[in-house]
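Report on the following structure.
We name chains A, B, ... by the order of the sequence lines, and we start the count at 1 in each one. Worth knowing before you read on, the calculation uses all heavy atoms, side chains too, and leaves out hydrogens, waters and symmetry mates.
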Protein chains: 4
Amino acid sequence: MASDNISDSPQVVRTGKRAQQARETREKILKAAVKVFAEDGFSGGRIDRISKEADSNDRMIYYYFGNKEKLFLEVLESIYLAFNEAERRLDLDLSDPVEALKGIVRFTFAYYLAHPEFVAILNDENLHRGRHSRQSNNIQNISGDIQSNLKPVFEEGQKRGLFRPDVSVRNLYLTISALTYFYCSNQHTLTIFMNQDFKSPEFQSQWLNHIIDVTLNSVMIRGES
Amino acid sequence: MASDNISDSPQVVRTGKRAQQARETREKILKAAVKVFAEDGFSGGRIDRISKEADSNDRMIYYYFGNKEKLFLEVLESIYLAFNEAERRLDLDLSDPVEALKGIVRFTFAYYLAHPEFVAILNDENLHRGRHSRQSNNIQNISGDIQSNLKPVFEEGQKRGLFRPDVSVRNLYLTISALTYFYCSNQHTLTIFMNQDFKSPEFQSQWLNHIIDVTLNSVMIRGES
Amino acid sequence: MASDNISDSPQVVRTGKRAQQARETREKILKAAVKVFAEDGFSGGRIDRISKEADSNDRMIYYYFGNKEKLFLEVLESIYLAFNEAERRLDLDLSDPVEALKGIVRFTFAYYLAHPEFVAILNDENLHRGRHSRQSNNIQNISGDIQSNLKPVFEEGQKRGLFRPDVSVRNLYLTISALTYFYCSNQHTLTIFMNQDFKSPEFQSQWLNHIIDVTLNSVMIRGES
Amino acid sequence: MASDNISDSPQVVRTGKRAQQARETREKILKAAVKVFAEDGFSGGRIDRISKEADSNDRMIYYYFGNKEKLFLEVLESIYLAFNEAERRLDLDLSDPVEALKGIVRFTFAYYLAHPEFVAILNDENLHRGRHSRQSNNIQNISGDIQSNLKPVFEEGQKRGLFRPDVSVRNLYLTISALTYFYCSNQHTLTIFMNQDFKSPEFQSQWLNHIIDVTLNSVMIRGES
DNA sequence: TATGAATGAGCTTTCATTCAT
DNA sequence: TATGAATGAAAGCTCATTCAT
C-alpha cells in the first residue's frame, strides 16, 4: 500500500505530466515538419515555419531533433511507418486472390490520394538521391517487407492457376506502385498539360478502374478472366 | 567599297560576334541551371553555383533571365522542348501498330533513363504544385500535343481490330508514362527499400520487357496477340 | 539516547549527506569551469560544456553560482587562492637570502608551468581589462600580500649588504613575474615564431638557469656574487 | 598618343576607382576587426560590431574574408606585419652596442605601450594555443627573423668584449620581451593587485629604467659597466 | 537538491538581388 | 556585354538563462 503511494507519488506523477507534455511538443513539431517539408521540400522548408506551425519555437526543434537534417530524417521515418501501419491494417481474403489483388490496388491508390505529404516527401527524397534514407538504419528496417501484403496474395493466385507463373511479385509490385503513385506525384503538371482535373473524383475513379484492369490483365492467365 | 566596309564595320562585326558570344553565354547559363536545379531543386539550387558552373557570374543571370524564378521557367521550357523534339524525331511505322506501340514504350523509358534532369525537374515542379508551369503560356503551348505520337498509332490499331476500343488514348498514355517514369523518378528510394540496383542494365531491360508486356496486355484484344 | 538519535535523525543525517553531496557537486562544477574557461576563455567557455564536464547539468550552475559571470568570478578567486596557498607553503631559509631568492624564482616558474589554467585565465582576465577582478572584494583581499614571500627575503639580503639598496621589492617582484610568466603565457606563439619547443624540459631548465642568473645580476651588488 | 589614351581609358580609370574603393572597404574592415578582436577576443568579437565599426555591413566581411576565422587570421598577419615594419624602421648604431641595446629595450617597451591591440590579440592567440598562427604560412614567414635587430647588436657587443659570450641571443631576446610585454599584458590585474597605476607615465618610465638596468646587468661583463 | 523542458535574443553565415562602372 | 562591389533580409543554429515540477 505504502509502496503504491510511492509509485503514485507526486514526484513520479509530476515527471509523468511533464514527460507527457514533452512528448506532445515533440509530436507537434514532427507533424508540423511533415506538413512543411511536404509543401516546400527539404531545402524550401523553413525551420521557423515549422516551429510556428507547431505552436512552439525554433529552439525546441534543435532541442528535440538536433538539426534540420535529423528532423527530416525523422519525418521520413514517420511517414514510412505510417504507410506500413496502414498496409498492415489491410485485411485481405486470400481465398479470393483476384479480389484481394484488386483490394491492394485500391488501397494503394487511396493511400497516395489521401496522403499527398507521403508522395511529396518521397519525391523530394528522390530529388536528393535518397541521401537521407541511406543514412538511417531505422528507415531500412521500417520498409524491410515492402511486398508483405502482395506476396501471399499473388502466390496464392499462382498456386490456384489464376495468375501467370512468369510474372515476378517484384514486377507486379512495381507495376501497381507506378500506376498509383505516378497519378498522384505528377498530377500538377499532368493537370496542366492534359487539361484534365486529376483531383476530380470522377477522373480518379475511372483511373482506378483502368489500373485495376491493367493490373489484372498483366497477371491473369489468358482465357481465365 | 570603303563604305561597304563601313557597313561591315567593326561595330557591326563586333555586334555580330558579341551577339554570338551573348547567345553562348546565355546557353551556358541555361545548361548549368538545368544541371543545378536537377540536382538541388528550385529552392536548393544556388544562383552562384549556376553561374560558376556556367563559367560566368551571378550578374549575368540577372542580365539574361531577370531572376531565379524566370530562370527556372526557362529551364522548364527548355526541358519540355527537348523532350518534344525527341518525340518528334521518333519515326513510327503506322502499318504495324503493335510494334509502333512497343517503340513508344521503349522510347519513353529510354528518354527518362537518359535524362534524369528531366525527371528530377518535373518532380520538383510537382512538389511546387506546378506553380511555374502554370505561369508560363509558352509551356502550355510546348506540350499542347502530348499524345501526338501515341494517338495515331493507337487509333490505327483500334481501326485494325487489334486494340481494344474501350481503352482511351489518355489512359494508355498515362499508363505508359507511369510505368516508365516511376522507375526513374523513384529509383533512389526503391533501390534502398527493395535492395535492387535500379541502375543496372539487366534490371532495366527486364523491366522494359515487363512493361511492354503490361502495356500490350492492357490494350490487346484477348486471343488476338 | 533516543532523543539523541532524533537529533541525529535521518533528516539531519540526510541533510548532512546531501550537504556533502552538494558541496561535491559545487566543487565539480567549479573545477570544470576552471578547465573550460582556461581552454576557451570567458566568452568562448560554454555553460553546457562546463556542466557536462562536471557530470552535472546547466541548471545546477545557476543554482550554485547565479550566472556565468559570477561563476567566472569564483573561478578567478579559486585560482588566486590556490596560488596563494602554494606560495604560503614555500618554506624559505632567510639565513641564505641568495638561495631563498633563487627558490622563489624556481617556485614561481614551476607553478606557472604546472598550472597553465592559472596563466590562461589570468590572460583572459587581462583581455577584459580586469573587469571581473575589479568587481570582487574577495579577490582584492586574496592577493593583498602579493609580495609576502619576496619582501622578507629581499630585505634580509639588503640588510646583509648582498642586495642593492636601490632596487625596489616591487620591481624585483615584477621582474621575476615577467621572466617566468611570459615564458608560459606566450609559449604557443613563441614556439611557432622561434621554432623552439617551449614545452621541452631541456629548454625549460636552461631558461630557468638563465632567469635565475638575470634575477641575481639585477640585485647583487657588483663583485659580491 | 592614341595608345596612351587607351591606357588612360575611362574603363581602366573606372576600374581603378572601384578597385581603390574596394581596397579601402577591405582596409576599414580589417582595422575595425583589429580593434574589436583586441577588445573582446576572437570568441567575444562580434561580426556585426566589426562591420558597424567599419561603416560597412556583415556581408562584406564574408565577401572579403570568407569567415570569422579567416578574418582573425588576417588580423593576426596584419599586426605581426606592423610590428615587423616598426622594428625595421629602428635605426641602430652598431658602433655603440650598449646604447643600441638600450634602444631596443626602449623601442620594444614603447611599441607594446602604444599598441595594446597587439598585446591583446597575441594574448588571445595564446589562449587558443596558437591555433590560428599555426594555420597560416604567411604568419610564419612574416616573423621569420624575429631577432634580426637584436642579433647584430649583441654580437657586435660580444666581439668588442662588452657582452658576455655565455649568453645566447635567444635568451636575451626573450628576456627583453618578457620584461616589456608582461608589464603591458598583465597591467590590468597588476594594477588591481599591486594598487599601482601601470598607465601612469612615471611608473612606466621608472619601469623602463629598471628593465634597461636588468637587461644590461644580464649581459655586461662584470666590472665593465 | 536536482533536472528535463522551454525560451528569446543574438550569433555566424547565406541568399537572391542591385549598384556602379 | 560584362563584372567586381555592395546590400538587406532571412536562414540555420547557439547561447545563457528561466520555468515547472
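Of the residues near DNA chain F, C:Phe42 and A:Ser43, the one whose nearest nucleotide (by heavy atom distance) lies more toward the 5' end is A:Ser43. The residue among D:Tyr62 and B:Ile47 whose nearest nucleotide of DNA chain E is located toward the 5' end is D:Tyr62. With the nearest nucleotide of DNA chain E identified for both D:Gly66 and B:Glu69, D:Gly66 has the one nearer the 5' end.
Among the heavy atoms of the strands, none lies under 4.0 Å from A:Gly44. Backbone-only contact: C:Tyr64 has heavy atoms under 4.0 Å from sugar-phosphate atoms and none from a base.
Separating the CZ atom of A:Phe65 from the C1' atom of E:dA6 is a distance of 15 Å, rounded to the nearest angstrom. Going from atom CD1 of D:Ile29 over to atom P of F:dA5 covers 11 Å, rounded to whole Å. Atom CG in B:Asp40 sits about 15 Å away from atom C1' in E:dT14, given to the nearest Å. When the P atom of E:dA6 is taken as reference, atom CG of A:Asp55 falls 12 Å away, rounded to whole Å. Between the CE atom of B:Met60 and the P atom of E:dT17 there is a distance of 15 Å, rounded to whole Å. Per the geometry, CG belonging to A:Asp58 stands 16 Å off P belonging to E:dC11, to the nearest Å. Between the C1' atom of F:dC13 and the CG atom of A:Asp48 lies a distance of 12 Å, rounded to the nearest Å. In this structure, NZ of D:Lys52 is placed 14 Å from P of F:dT7, rounded to the nearest angstrom.
What you find for C:Ser133 and C:Ile139 is that their closest heavy atoms are CA-CD1, 3.9 Å.
In the set F:dG12, E:dA2, F:dA2, the nucleotide with an atom closest to the side chain of C:Gln21 is E:dA2. Comparing F:dT7, E:dT17, F:dC15 by their closest approach to the side chain of C:Arg46 singles out F:dC15. Comparing F:dT17, F:dA2, E:dA5 by their closest approach to the side chain of A:Ala22 singles out E:dA5. Listed nucleotides: E:dT7, E:dT3, F:dT7. Nearest to the side chain of A:Ser56: E:dT7. The side chain of D:Arg59 has F:dG8 as its nearest neighbour among F:dT17, F:dG8, E:dT12. Of the listed nucleotides (E:dT13, F:dT17, E:dA6), E:dT13 has the atom at the smallest distance from the side chain of D:Lys68.
Secondary structure note: stems in DNA chain F built from 3 or more consecutive Watson-Crick or G-U wobble pairs under 3.5 Å occupy E:2-21 with F:2-21.
Phosphate contact (OP1/OP2 of E:dA6, side-chain N/O of A:Tyr63, threshold under 4.0 Å): absent. A close approach under 4.0 Å does occur between a side-chain nitrogen or oxygen of B:Asn57 and OP1 or OP2 of F:dT3. Between D:Thr25 and the phosphate of F:dA5, there is no side-chain N or O to OP1/OP2 separation shorter than 4.0 Å.
Within the 4.5 Å cutoff, side-chain heavy atoms of B:Tyr62 are placed close to those of B:Ile47. Taking the side chain as every heavy atom from C-beta outward, B:His188 and A:Arg131 never approach each other to under 4.5 Å.
Using cut-offs of 30° and 60° on the angle between ring planes, the pair D:Phe42 and D:His132 is tilted.
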(message) For D:Glu125 and D:Arg134: C-alpha separation, side-chain torsions, deciding distance, then whether salt bridge (Lys or Arg N to Asp or Glu O under 4.0 Å) applies.
(response) CA-CA 10 Å; D:Glu125 176 62 359; D:Arg134 220 177 299 115; over 6 Å; no

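Around CD of D:Gln135, the count of heavy atoms belonging to other residues, nucleotides or ligands within 6.0 Å exceeds 12.
Contact check on C:Lys31 versus C:Glu117 returns no salt bridge, with no Lys/Arg side-chain nitrogen under 4.0 Å from an Asp/Glu carboxylate oxygen.
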Would you be so kind as to tabulate the donor-acceptor pairs closer than 3.5 Å made by side chains of residues 50-61 of chain A, with sequence neighbours excluded?
{"from": "A:Ser51", "atom 1": "OG", "to": "A:Asp48", "atom 2": "O", "distance (Å)": "3.2"}
{"from": "A:Ser51", "atom 1": "OG", "to": "A:Asp58", "atom 2": "N", "distance (Å)": "3.4"}
{"from": "A:Ser51", "atom 1": "OG", "to": "A:Asp58", "atom 2": "OD1", "distance (Å)": "2.7"}
{"from": "A:Lys52", "atom 1": "NZ", "to": "A:Asp48", "atom 2": "OD2", "distance (Å)": "3.2"}
{"from": "A:Glu53", "atom 1": "OE1", "to": "A:Arg49", "atom 2": "NH2", "distance (Å)": "3.4"}
{"from": "A:Glu53", "atom 1": "OE2", "to": "A:Lys35", "atom 2": "NZ", "distance (Å)": "2.6"}
{"from": "A:Asn57", "atom 1": "OD1", "to": "A:Arg59", "atom 2": "N", "distance (Å)": "3.0"}

